[in-house]
Amino acid sequence: MEKWMLIDGNSIAYRAFFAMPPLTNSAGLHTNAIYGFTTMLLKLLEEEKPTHILVAFDAGKVTFRHEGYTEYKGGREKTPSELSEQFPVLKELIQSFGIAQFELPGYEADDIIGTLTKLADEKEVEAIVVSGDKDMLQLASERVTIALTRKGVSEVDRYQPNEIMEKYGITPQQIIDLKGLMGDTSDNIPGIPGVGEKTALKMLHEFGTVEEVLANTDSLKGKMKEKVEAHQEDARMSKKLATIYREVPLEDKVNEIAYSGYDESQLAAMFRKLEFKSLIERLELPEAGGVGGAATEEAKYEVVPARNLSGDELAAFLAQSESVYFEAIGENPHQAKLIGIAVAGAGGEKIVVITYDELMDPAVAEPVRRWLEDGDAPKRGYDLHKAELALAWIGISLKGTAFDVLLAAYLLDPTESNQTLASLVPRYQLPGLAPDETVYGKGAKFLVPAAEILAGHLAAKAEAIRRLIPLQQADLETGGMHKLYYELEQPLAIVLAGMEKQGIKVNAHTLEDLGSELAQGIARYESDIYAHAGMEFNIGSPKQLGDVLFDKLDLPVIKKTKTGYSTDAEVLEKLEPYHEIVKLILHYRQLSKLQSTYVEGLLKEIRRDTGKIHTYYRQTIAATGRLSSQFPNLQNIPIRLEEGRRIRKAFVPSEPGWTILAADYSQIELRVLAHISGDERLKEAFIQDMDIHTKTAMDVFGVSADQVDSNMRRQAKAVNFGIVYGISDFGLSNNLNISRKEASQFIEQYFEVFQGVRAYMDNIVAQARQDGYVTTLLERRRYLADIKASNFNLRSFAERTAMNTPIQGTAADVIKLAMVRMDEQLRERGLRSRMLLQVHDELVFEVPPEELELMKTLVPEVMENALALDVPLKADVSFGDNWYEAK
DNA sequence: CACGTCACG
DNA sequence: ACGTACGTGACGTGG
């Protein structure tokens with residue numbers, strides 16, 4: 001069975017270039033696009049096992065598309081030299097792979113590919129097209145799959161006509177109509193101005209083709225009708241430009257694309273030139289210098305069930321182990337069931353697997369428990385934080401954390417959302433792991449497999465961890481994150497687990513009383529709303545609510561969502577003057593949110609036996625370095641509005657007579673900004689401990705303190721928020737409900753005064769462009785894949801992220817430091833007080849009466865001295881009988 | 001399971 | 001011309 005793989009060389013090289021961090025070999029040649037291209041190619045070779053391969057390139061600058069439309073692909077930025085220098089080498093490399101490549105003057109890569117897929121359809125041969133360009137979707141058919149790169153080039157989404165229909169509701173042939181209507185800025189294809197993807201799809205769903213749309217302009221209305229009529233020619237031409245030409249004269253070149261594998265020595269020579277050492281190893285190619293034979297061999301190890309060892313043998317094995325994997329089933333570690341443990345011995349020659357049943361057998365359990373609880377016996381694993389909790393609930397206290405590959409992976413790339421062990425190994429060219437889904441199944445079909453199969457799977461994971469450790473340690477070192485890892489994140493994981501195990505007491509009665517009060521209010525609003533609407537409907541359904549508000553009551557449409565009318569609070573506030581019902585809906589929403597999420601939601605999380613709630617802090621989710629909280633989220637308990645704030649009355653000390661003490665950083669993000677920007681005026685404001693929003697108002701509006709009214713302060717506050725988020729006039733105008741012009745004037749005035757801040761914002765973006773990442777004060781790193789994107793939106797987003805992440809991330813560093821120090825202090829001083837919660841800039845404790853006075857000074861002292869900045873840090877303390885009173 | 005909405009910093 | 005403020009998680013609806 002033939003299978004053709006047709007690669008759009010230019011498109012993939014471009015994608016790879018912008019997706020990969022800068023990379024050069026010692027000769028100074030940029031290699032990142034080549035590297036990205038190669039890893040993608042290797043992955044696809046493995047996944048697709050094609051019998052024929054072709055890489056097509058664009059030839060020259062002028063194609064037949066320029067005949068009649070000279071602006072085609074105009075306005076496109078010149079290819080950066082860092083990329084163009086890579087093309088000749090890339091072509092050389094493809095040759096070393098033994099893969100055919102074509103380019104033909106006057107035609108683009110997609111025309112060559114289009115012609116070949118046509119041939120594939122005719123010959124009934126299976127084909128896969130690899131590109132980053134959505135235009136290719138027009139080539140999809142039953143036999144032709146289009147693989148589009150996603151997230152850089154490491155992964156692809158595969159499309160056949162079915163998937164295209166699902167995603168866009170159109171056929172592959174209609175892709176060109178879509179482009180004809182909406183155009184394509186990157187190719188300078190005009191389309192019809194004002195018609196974006198949504199409008200274009202709507203028109204196609206109704207009329208089918210560009211021609212039919214143009215023939216039916218009568219059924220359009222208003223501005224849209226005018227625009228479509230005025231740009232008929234543009235639409236027709238755009239469609240033509242977007243159409244891939246499928247009659248390229250290729251003659252019998254087809255016969256040259258058969259693929260029979262690569263010559264190892266040729267490929268190795270190429271990789272050596274490019275200094276792709278990891279790829280040489282991964283493919284087990286002959287090493288440099290022809291010494292030969294040094295290729296890494298496939299890992300071979302023996303899997304031993306724990307019960308086959310005597311107690312002493314087991315203890316001796318554990319003592320010299322190099323890695324451990326805990327398999328805990330379930331997302332919530334407080335409820336997860338530990339089904340097995342795999343431990344890799346020295347050199348990875350032997351891996352011992354302990355199943356849950358064996359763990360219940362004292363002969364096995366005792367040596368294992370002694371090892372797990374021995375703080376001097378190092379444990380190197382994956383997600384030891386989760387393991388620690390799962391173990392705690394079966395009465396085992398994990399000690400001796402020495403390395404965690406999940407935590408390391410997070411520091412090495414916090415933007416990567418897939419941090420499963422299986423996703424980690426290919427990053428280091430280690431042998432692949434079976435995906436959990438194939439071993440266990442998913443959803444309702446989840447099933448723990450037979451002991452043998454399970455043991456094999458867990459052993460493979462323990463071995464993967466063992467091999468990842470030195471590689472990640474080297475990467476942490478290279479990235480300057482060694483200290484961040486060992487002195488902050490790893491100790492913090494243990495502190496967090498302690499807080500989570502401790503839990504916070506929540507008074508169910510308080511919540512239940514609040515719940516019945518809410519229920520009454522909800523019932524009242526419900527009947528009022530029905531009366532005003534003249535009908536009963538589900539108020540909680542945005543769809544039904546939209547129908548009532550905008551169709552039945554004819555209120556003006558302020559904003560639309562992908563699926564219909566928007567009815568969010570922002571819209572409803574604008575609609576308030578039009579109809580009494582609107583206010584009622586806002587109140588109803590407020591109460592039902594409190595009821596379902598906070599009263600009912602929290603009640604479900606209270607442990608029957610202890611009356612406590614145990615959240616789970618996730619340390620490897622937020623790209624900025626912040627924590628997140630789950631099951632339940634205790635970082636979003638209401639506070640801004642009094643009605644919701646009362647929820648906090650239910651959070652109480654777990655021992656009679658104790659007190660809840662809360663301490664929060666004052667303006668930590670703006671203080672961090674003052675430090676990292678070095679802006680003198682901003683620093684001075686904090687050194688003088690001024691009200692920062694009032695001070696900002698004074699400086700921006702050029703008035704004295706007593707001339708600042710509440711409105712000026714409010715606007716200044718919004719500007720300060722904007723600065724922290726990575727300012728844009730659009731965002732500020734939206735927030736303050738002012739025009740973009742006014743917003744942009746505010747921003748300009750702000751930067752006039754705080755010039756150091758302006759310089760910081762400019763510099764950080766420039767630096768991000770240069771390095772591909774930004775860092776916090778403690779060297780936490782965040783890559784910005786889109787910082788060089790040609791797409792304005794993507795690029796702007798990345799630029800704002802570049803401005804925001806060092807600020808938000810450094811603030812996260814600071815409070816994490818404070819948590820580790822605070823935990824030390826509680827221990828060293830032998831205090832009974834307990835740290836319970838972290839809410840980004842706030843720490844919550846429960847404190848026995850005799851320690852209250854001490855804690856009132858100790859907590860802010862530790863927080864304020866967590867890290868020395870050029871401005872003082874400030875923490876405010878409060879306390880009371882519950883979290884509400886601690887304000 | 002995606003979406004809209006809304007709670008927090 | 002483009003058209004979003006930064007970072008999260010939980011709930012209910014409806015396909």
Side-chain angles (χ1 to χ4, degrees), chain A residues 75 166 183 185-186 188 190-191 193-194 196 414-415 443 538-546 559-572 585-586 589-590 592-602 604-605 615-618 621-641 643-645 647-648 664-665 667-669 718-719 721-736 740 743 747 782 789-809 811-812 815 838-842:
Chain A
E166 256 171 56
T185 34
S186 69
N188 214 23
T415 54
N538 187 342
I539 310 166
S541 161
K543 187 172 174 321
Q544 295 184 32
L545 179 62
K559 193 165 69 172
K560 289 200 139 204
T561 67
K562 238 183 264 179
T563 49
Y565 306 114
S566 171
T567 66
D568 66 21
E570 202 187 315
V571 168
L572 294 183
I585 292 164
L586 281 165
R589 280 250 179 95
Q590 189 197 353
S592 50
K593 175 86 179 180
L594 291 174
Q595 184 76 302
S596 64
T597 304
Y598 296 103
V599 172
E600 291 166 1
L602 288 177
K604 272 185 245 163
E605 299 287 346
T615 188
Y616 172 42
Y617 288 108
R618 299 203 61 187
I621 299 296
T624 53
R626 277 188 173 186
L627 300 176
S628 82
S629 158
Q630 268 185 322
F631 316 130
N633 182 353
L634 293 186
Q635 289 181 321
N636 70 347
I637 304 302
I639 190 167
R640 292 174 188 169
L641 300 174
E643 294 88 328
R645 191 172 195 159
I647 296 282
R648 294 180 173 231
D664 67 306
Y665 281 112
Q667 303 297 350
I668 187 168
E669 291 186 333
V719 172
F721 267 93
I723 293 293
V724 168
Y725 291 156
I727 196 99
S728 74
D729 52 6
F730 187 91
L732 184 66
S733 72
N734 213 22
N735 190 288
L736 282 177
R740 275 233 317 269
I747 294 167
R782 177 177 185 174
S790 54
N791 180 307
F792 173 87
N793 272 327
L794 289 179
R795 190 177 64 246
S796 305
F797 193 3
E799 287 169 357
R800 292 194 300 276
T801 311
M803 301 184 225
N804 169 267
T805 294
I807 301 172
Q808 191 182 120
I815 194 166
Q838 188 252 39
V839 194
H840 309 307
D841 66 353
E842 175 186 15

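The listed nucleotides are C:dG7, C:dT4, C:dC11; the one nearest the side chain of A:R782 is C:dG7. If you check C:dG9, C:dG3, C:dG12 against the side chain of A:I621, the one that comes closest is C:dG9. Taking the side chain of A:Q544 as heavy atoms from C-beta on, and the options C:dA5, C:dG7, C:dG14, the nearest nucleotide is C:dG14.
Within the 3.5 Å criterion, the main-chain N or O of A:L634 finds a donor-acceptor partner in the side chain of A:S629. Although no hydrogens or angles enter the test, the distance criterion places no donor-acceptor pair under 3.5 Å between the side chain of A:Q630 and the main chain of A:P632.
How far CD1 of A:I723 is from CD1 of A:I747: 7.0 Å, rounded to the nearest 0.5 Å.
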ask   = Can you give one letter per nucleotide of nucleotides 3-9 of chain B, going 5' to 3': B for a protein heavy atom under 4.0 Å from the base, S for sugar-phosphate only, - for none?
value = SSSBBBB
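Toward the 5' end of DNA chain C, the nearer of the two residues A:P632 and A:N804, judged by each one's closest nucleotide, is A:N804. Residue-to-nucleotide proximity on DNA chain C shows that, of A:P414 and A:T597, the 5′-proximal contact is made by A:P414.
In this structure, A:R740 places its CZ atom 11 Å from P of C:dA1, rounding to the nearest Å. Rounded to a whole Å, the CG atom of A:L545 is 15 Å from the C1' atom of C:dG14. Atom pair A:E799:CD and C:dT4:P shows a separation of 16 Å (rounding to whole Å applied). In this structure, the CG atom of A:L634 is 11 Å from the C1' atom of C:dG9, given to the nearest Å. To the nearest angstrom, P of C:dA10 lies 16 Å from CD of A:E600. Atom P of nucleotide C:dG9 and atom CD of A:Q630 are separated by 6 Å, given to the nearest angstrom. Atom pair A:K559:NZ and C:dT4:P shows a separation of 10 Å (rounding to whole Å applied). Look at CZ on A:R800: it is 17 Å from P on C:dC2, rounded to the nearest Å.
Under the rule for a salt bridge (Lys or Arg N to Asp or Glu O under 4.0 Å), the partners of A:E669 that lie at least two apart in sequence or sit in another chain are A:R626. Remark: A:Y616 pairs with A:H385 by the ring pair (Phe, Tyr, Trp, His ring centres under 6.0 Å) rule, at least two apart or across chains. Checked against ring pair (Phe, Tyr, Trp, His ring centres under 6.0 Å), A:F631 has no partners two or more places apart in sequence or in another chain.
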Pairs of donor and acceptor atoms involving the side chains of residues 724-734 of chain A, under 3.5 Å and at least two apart or interchain, shall be tabulated with distances.
from, atom 1, to, atom 2, distance (Å)
A:S728, OG, A:G731, N, 3.0
A:S733, OG, A:D729, O, 3.3
A:S733, OG, A:F730, O, 2.8

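Using a 4.5 Å heavy-atom cutoff, the side chains of A:T567 and A:T561 are not in contact.
Looking at heavy-atom distances under 4.0 Å, A:A623 makes contact with sugar-phosphate atoms alone, never a base.
Secondary structure note: stems in DNA chain C built from 3 or more consecutive Watson-Crick or G-U wobble pairs under 3.5 Å occupy B:1-9 with C:6-14.
Here A:F730 counts as stacked on C:dT4: its ring centre is under 5.5 angstrom from the base ring centre and the planes meet at under 30°.
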